[in-house]
There are 2 protein chains.
Amino acid sequence: MRHAIHNPPGEAGCSGCEQQPRCLAGRFDEARREQLVSRLRTGIRCLPRYPLFHAGDRFRYLYIVQSGSFKSWRLERNGDQQVLGFHLPGDVLGIDGIRNGTHTSAAQALQSSRVCALSLARNPESLDGLSWFNAGLLKAMSRASSQDQEHLVIMGRRQATQRLAMFLRRLRRQYRRLGWPDDELTLTMSRADLASFLGLVLETVSRLFSQLHESQVLEVRRRRVTVLDPERLRQLSEAEAVSG
Amino acid sequence: MRHAIHNPPGEAGCSGCEQQPRCLAGRFDEARREQLVSRLRTGIRCLPRYPLFHAGDRFRYLYIVQSGSFKSWRLERNGDQQVLGFHLPGDVLGIDGIRNGTHTSAAQALQSSRVCALSLARNPESLDGLSWFNAGLLKAMSRASSQDQEHLVIMGRRQATQRLAMFLRRLRRQYRRLGWPDDELTLTMSRADLASFLGLVLETVSRLFSQLHESQVLEVRRRRVTVLDPERLRQLSEAEAVSG
DNA sequence: CGTCAGTTTGAGGACATTCAACGGAAGTGG
DNA sequence: CCACTTCCGTTGAATGTCCTCAAACTGACG
């Protein structure tokens, strides 16, 4: 089995985690984190393509991305999958499972990654005294909702170039939020995944990259993208209409 | 001013509300609802086009739809709006405002409607002892997330017919959930709103309705749609590809 | 070095958009 | 109550964009 999951020694904890300032649990002081220790498993390592959960799985944990990246998707009857999102450190995965206790989407690692798993108890009363935590959860879910909204706005745009430009600008924003340089983007997803995310076919996405490379907006070497002309990228993402 | 908001006498409460079994707050017994009474304003009447909130507004309340219907949308720089969702009784509106305390989307009534407003306190500690309520909130937000995912799947489909068919089947499911007849659908949104929701232009949506009417799948009289052939509608929504 | 998955590029065609005009319903004011 | 305006929805013709099918290329890995 190529894709395995390993649990690090228990002491790994949150002390060394780079995502602490952004983390749902890390936001809070050490004492408070102690309250969660029995529900929290930190530093779970995932190899590329390792699945956190499948559609239909019973809901067990919420996952917080510590490092690396993930994709989430839904499988249709047709057989083809719709990519719902790409997830970077600080993001929460598995929210859709809370409702019925069953996941409606699937998620897997796009590269070597680490996550924390957080078990939500069945009986709500056990959360008494942890309302600070619940409030954090609410905010994390609200953020996930906003991200879905941004995705919907991208899918709503007709022009393919506009969609890709919007995606790249959004990715830059996420990089900045993480304190990473935002001119050198590393796409951890395949062209097919990106195409599904954007509501296009992979050939179109490939052509768009070539086109933006040709016109000096980007430099594209496979999955390594350098943003050369951010201003032009902005224009492309905001284009009024075709005639604009 | 044509669009006004009226507060009914305080005693209106939840006792007569049809949505009780589905309501975030109504799920719980009377005693528990008492705990929320200071945060809950029930039975707020909204005339058509009445806005619950605009993008940029400070977050004050979560809204629970009691009767009628709403749309939510984002306004782009371009000036045009992307419809994010249509909301029926039992749905929660305003989730996106929790994150920063500012709404990123807007919502307004599509017809004469009623909502309940629920104020989330600034300090999380005040939620201690209300964890049962918080758990309900989590589920409601999880449901909203699932609905966004369904919307994303619709937008990902290339064929316009497929999108509309998926939308109609989804609407039927929602009608059934509410205990309404699911063969007579009343679209409370305009063709333009529906087109934006589906990622199409309104002319295309209009043509699709005519087409489905012509082929005896639907009977369409403006916003009144009768489903004549549910099986054919299913086939259209699941079509493999163009060649299928 | 050979295989294979992922990506790029090309040619042709289908389908949704664009632009334009018309019809009908609802709402307004006399 | 009727004429008027306005909004919404429908239909038509032509254009253009993205999809489909196909083949070649690249890099990774055994």
Side-chain angles (χ1 to χ4, degrees), chain A residues 2-3 47-49 71 78 80-81 83 110-112 154-165 186-215 218-225 236 239-244, chain B residues 2-3 47-49 71 78 80 83 110-112 154-165 167 186-215 218-225 236 239-244:
Chain A
R2 195 181 146 209
H3 316 298
L47 293 177
R49 304 180 63 98
K71 71 165 175 174
N78 311 353
D80 55 16
Q81 59 180 36
V83 172
L110 291 170
Q111 58 183 141
S112 285
I154 289 178
M155 298 276 266
R157 310 311 312 170
R158 283 142 198 73
Q159 300 298 326
T161 311
Q162 218 173 339
R163 296 192 197 196
L164 183 57
T186 304
L187 307 179
T188 57
M189 72 294 291
S190 69
R191 294 284 189 264
D193 284 339
L194 182 51
S196 170
F197 181 87
L198 296 174
L200 303 168
V201 294
L202 65 90
E203 294 97 324
T204 302
V205 173
S206 181
R207 265 183 264 270
L208 289 171
F209 273 125
S210 304
Q211 209 172 293
L212 292 174
H213 188 126
E214 180 66 25
S215 58
L218 306 174
E219 189 184 318
V220 184
R221 297 188 318 260
R222 270 184 114 83
R223 297 193 181 181
R224 205 147 220 112
V225 174
L236 289 171
E240 182 77 35
V242 197
S243 50
Chain B
R2 195 181 146 208
H3 316 298
L47 293 178
R49 306 180 62 98
K71 71 165 175 174
N78 311 354
D80 54 17
V83 172
L110 290 171
Q111 56 182 146
S112 285
I154 290 178
M155 297 277 266
R157 311 310 314 171
R158 283 145 198 73
Q159 301 297 325
T161 310
Q162 218 172 335
R163 298 191 196 195
L164 183 57
F167 166 76
T186 305
L187 307 179
T188 57
M189 72 293 290
S190 69
R191 294 286 190 265
D193 284 339
L194 182 51
S196 169
F197 181 87
L198 296 175
L200 302 168
V201 294
L202 66 89
E203 293 96 326
T204 302
V205 173
S206 180
R207 264 183 263 270
L208 288 171
F209 273 125
S210 303
Q211 211 171 292
L212 292 174
H213 188 125
E214 181 66 26
S215 58
L218 305 175
E219 189 183 317
V220 184
R221 295 190 320 260
R222 275 186 105 92
R223 298 193 181 180
R224 206 145 219 115
V225 174
L236 290 172
E240 182 77 34
V242 197
S243 50

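In this text the structure is predicted, and so the values were computed from the model without any measurement. Quick note on labels: first sequence line is chain A, next is B, and so on, each numbered from 1.
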J.: Which side-chain N or O atoms in residues 186-193 of chain A pair as donor and acceptor under 3.5 Å with protein atoms at least two apart or in another chain?
T.:
unit_1	atom_1	unit_2	atom_2	d
A/Thr188	OG1	A/Ser69	OG	2.9
A/Ser190	OG	A/Ala192	N	3.4
A/Ser190	OG	A/Asp193	N	3.1
A/Arg191	NH2	A/Arg222	O	2.7
A/Asp193	OD1	A/Lys71	NZ	3.0
A/Asp193	OD2	A/Lys71	NZ	3.4

J.: Taking ring pair (Phe, Tyr, Trp, His ring centres under 6.0 Å) as the test, write out the residues that go with A/Phe209, two or more places apart.
T.: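 Per chain and number, A/Phe209 pairs via ring pair (Phe, Tyr, Trp, His ring centres under 6.0 Å) with no residue.
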J.: Sequence neighbours left out, what passes side-chain contact (heavy atoms from CB on, under 4.5 Å) with A/Glu219? Give chain and number order.
T.: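 For A/Glu219, the residues satisfying side-chain contact (heavy atoms from CB on, under 4.5 Å) (neighbours in sequence not counted) are A/His213, A/Arg221, A/Thr226, A/Leu228.
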J.: Base contacts versus sugar-phosphate-only contacts with protein, heavy atoms under 4.0 Å: please encode nucleotides 7-15 of chain D as B, S and - from 5' to 3'.
T.: -SSBBBB--
J.: Can you measure A/Leu212 atom CG to C/dT8 atom C1' for me and round it to whole angstrom units?
T.: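 After rounding, the gap between these two atoms is 15 Å.
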J.: Could you list the residues that satisfy side-chain contact (heavy atoms from CB on, under 4.5 Å) with B/Leu200, not counting sequence neighbours?
T.: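 Once residues adjacent in sequence are excluded, the partners of B/Leu200 under the side-chain contact (heavy atoms from CB on, under 4.5 Å) criterion are B/Ala160, B/Arg163, B/Leu198, B/Thr204, B/Val205, B/Leu208.
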J.: For B/Gln211, give me all partners under side chain to side chain donor-acceptor pair (under 3.5 Å), at least two apart in sequence or on another chain.
T.: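 Here no residue qualifies.
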J.: What residues form a side-chain contact (heavy atoms from CB on, under 4.5 Å) with B/Ser210, not counting sequence neighbours?
T.: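 Listed in chain order: nothing, the list is empty.
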J.: Within the structure, does a side-chain N or O atom of A/Gln159 lie under 4.0 Å from either OP1 or OP2 of D/dC18?
T.: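 Yes.
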J.: Please report, rounded to the nearest Å, how far the P atom of C/dT17 is from the CZ atom of B/Arg158.
T.: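 So the two atoms are 14 Å apart, to the nearest Å.
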J.: Starting from the first five and the last five pairs of the helix from C/dC1-D/dG30 to C/dC22-D/dG9, work out the angle between the resulting helix axes, to 10 degrees.
T.: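 Here the helix ends are tilted 40° relative to one another.
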J.: With sequence neighbours left out, write down each residue that passes side-chain contact (heavy atoms from CB on, under 4.5 Å) with A/Ser206, or none if nothing qualifies.
T.: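 side-chain contact (heavy atoms from CB on, under 4.5 Å) list for A/Ser206, sorted by chain: empty.
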J.: Looking at A/Val201 and B/Arg158, what are the two nearest heavy atoms and their distance?
T.: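 For A/Val201 versus B/Arg158, the nearest heavy atoms are CG1-NE, 3.6 Å.
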